[in-house]
Every structure is written in structure tokens, then in C-alpha cells.
Amino acid sequence: MNHMSTAKVKVLHDILTANGWLTTGAEVSMDAIEARNLESTGKVDVLEVDGKHEVWSACCDGAHDHN
């Protein structure tokens, strides 16, 4: 069976998602793929995926571009 990951996010801007309108400041669960797509455009902050905290490692050693 294929497992669909679920993400817990904090909404940074009012947005329309697959599950309807979400308002700024809300913490909601959604499909992890949709959450990561919304995070890449600055609309949500992914807090957890499948119950595990989403943590970004310290950056940067200059080995890559942030643009």
C-alpha cells in the first residue's frame, strides 16, 4: 500500500488550497507534497511531516546559491 505523507503547517498568508481557504496564523494538516509546494512560495511553514519535526540544517558554507 502507498502511504501519503501528511504535513502540519503554519499558514503565513491567506491561501486557497485543495481543502479550501486557510487564514494567516492557522496551523493545519495537509498533503506533504502540497505543503512543500506552498512552502517554496512562502505561503506556509512546514512544521512536521508524518509527526516528525521538519528541521533545516544550519547553512551556509558558500557551496551553493540561495537564489
Atom of Ala32, atom of Val49 and distance for their closest heavy-atom approach: CB-CG1, 4.2 Å
Point-to-point distance, once rounded to the nearest 0.5 Å, from CG of Asp45 to NZ of Lys10: 8.5 Å
Check: residues 19-30 side-chain donor-acceptor pairs under 3.5 Å, at least two apart:
residue : atom : partner : partner atom : Å
Thr24   : OG1  : Asp14   : N            : 3.1
Thr24   : OG1  : Asp14   : OD1          : 2.9

In one Ile/Leu/Val/Met/Phe/Trp/Tyr side-chain cluster, 4.5 Å: Leu12, Leu38: no
Donor-acceptor under 3.5 Å (Glu39 side chain, Val46 main chain): yes
Ile33: side-chain contact (heavy atoms from CB on, under 4.5 Å) partners, not counting sequence neighbours: Asp31, Asn37
Salt-bridge criterion met for Glu54 and Arg36 (N-O under 4.0 Å): yes
Thr6 and Asp50, any side-chain heavy atoms less than 4.5 Å apart: yes
